[in-house]
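Heads up: the structure comes next, in structure tokens.
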Amino acid sequence: QVQLVESGGGLVQPGGSLRLSCAASGSIFSIYGLGWDRQAPGKQRELVAAITSGGTTNYADSVKGRFTISRDNTKRMVYLQMNSLKPEDTAVYYCNLNVPGARTYWGQGTQVTVSS
């Protein structure tokens, strides 16, 4: 009953910034946790950032201090601000919405490439 659509990915130079956006459908949004994962070629999907319904955030150690996750419940959006990007940040980034005791919904992904 939830659809997620990411946008904002692209090519950026090391040290640059991007902001990823994810739009969610459905009538229920504000009570659920949200997150961003990423997957590089040949690697498993990994957690990047998560935010609870109350606004508590968690980040992977590799992005802490550089990335910021935020949400706008009125607009039904979740964002990932990425600063000081590194080549190792290159991956497909997926937003997700977690329904406790049920399932996690995923977007289709948006490509982020960090290269000179």
Side-chain angles (χ1 to χ4, degrees):
Q1 201 170 17
V2 175
Q3 291 184 326
L4 303 170
V5 181
E6 302 98 332
S7 62
L11 175 65
V12 64
Q13 294 184 349
S17 298
L18 284 174
R19 189 179 78 152
L20 305 183
S21 300
C22 178
S25 67
S27 298
I28 300 176
F29 180 83
S30 64
I31 65 174
Y32 299 128
L34 301 164
W36 289 91
D37 284 22
R38 67 187 181 187
Q39 187 169 24
K43 301 183 68 175
Q44 291 188 311
R45 190 172 299 187
E46 64 176 346
L47 170 71
V48 175
I51 184 168
T52 69
S53 60
T56 301
T57 58
N58 292 102
Y59 299 94
D61 288 341
S62 60
V63 308
K64 194 169 298 182
R66 299 188 297 121
F67 290 11
T68 303
I69 187 172
S70 61
R71 63 190 296 164
D72 186 327
N73 292 335
T74 300
K75 297 180 179 179
R76 307 179 68 82
M77 299 282 290
V78 58
Y79 308 97
L80 185 68
Q81 178 66 46
M82 305 184 295
N83 299 324
S84 302
L85 283 162
K86 305 174 181 179
E88 50 263 45
D89 295 318
T90 297
V92 177
Y93 285 71
Y94 301 87
C95 71
N96 61 78
L97 181 152
N98 179 246
V99 181
R103 63 164 292 178
T104 298
Y105 294 86
W106 298 93
Q108 85 288 349
T110 185
Q111 176 71 47
V112 173
T113 302
V114 185
S115 177
S116 298

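Positions are given from 1 along the sequence.
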Of all the heavy-atom pairs spanning Val78 and Cys95, show the shortest one and how long it is. CG1-CB, 4.3 Å

Hydrophobic cluster identity match, Met77 and Phe29, side-chain contacts under 4.5 Å: no

Donor-acceptor contact below 3.5 Å, side chain Gln81 vs main chain Thr68: no

Strictly distance-based, threshold 3.5 Å: is any side-chain N or O of Thr90 a donor or acceptor partner for the main-chain N or O of Val114? yes

At what distance, to the nearest 0.5 angstrom, does OG of Ser70 lie from CZ of Arg19? 7.0 Å

Identify whether the distance between the nearest side-chain nitrogen and carboxylate oxygen of Lys86 and Asp89 falls below 4.0 Å. no

Under 3.5 Å donor-acceptor pairs involving side-chain atoms of residues 97-105, not counting sequence neighbours:
| residue | atom | partner | partner atom | Å |
| --- | --- | --- | --- | --- |
| Asn98 | ND2 | Thr104 | OG1 | 2.9 |

Val2 reachable from Trp36 in the ILVMFWY side-chain graph, under 4.5 Å edges: yes

Working to the nearest 0.5 angstrom, can you tell me the gap between Thr57 OG1 and Phe67 CZ? 14.0 Å

Heavy-atom nearest pair, Ala49 first then Tyr59, reads CB-CD2, 3.5 Å

In short, Ser53 meets Ser30 closest at the heavy-atom pair CB-O, 3.3 Å

Is it the case that the side chain of Ser25 and the backbone of Gln3 share a donor-acceptor pair, with hydrogens and angles ignored and the cut-off at 3.5 Å? yes

Residue pairs meeting disulfide (SG to SG under 2.5 Å), one or both in residues 56-88, sequence neighbours left out, come to none

Using the rule that Ile, Leu, Val, Met, Phe, Trp and Tyr join whenever any side-chain heavy atoms are under 4.5 Å apart, tell me whether Val48 and Val12 fall into a single cluster. yes

Got a second to check how far Gln108's CD is from Ser7's OG, nearest 0.5 Å? 8.5 Å

Donor-acceptor under 3.5 Å (Glu6 side chain, Gly109 main chain): yes

Same apolar cluster: Tyr79 and Met82, side chain cutoff 4.5 Å: no

Starting from Leu4, can I reach Leu47 by hopping between I/L/V/M/F/W/Y residues whose side chains sit under 4.5 Å apart? no

Are Asp37 and Gln39 close enough that a side-chain donor and a side-chain acceptor fall under 3.5 Å? no

Looking only at heavy atoms, which two atoms of Ala40 and Ala91 are closest? And how far apart? N-CB, 3.8 Å

Would you give the length of the straight line joining atom CG of Leu34 to atom CG of Leu80, rounded to the nearest 0.5 angstrom? 12.0 Å

Below 4.5 Å, heavy atoms only, C-beta onward: do Ser115 and Leu11 meet side chain to side chain? yes

Measuring from Arg38:CZ to Glu88:CD, what's the distance to the nearest 0.5 Å? 8.0 Å

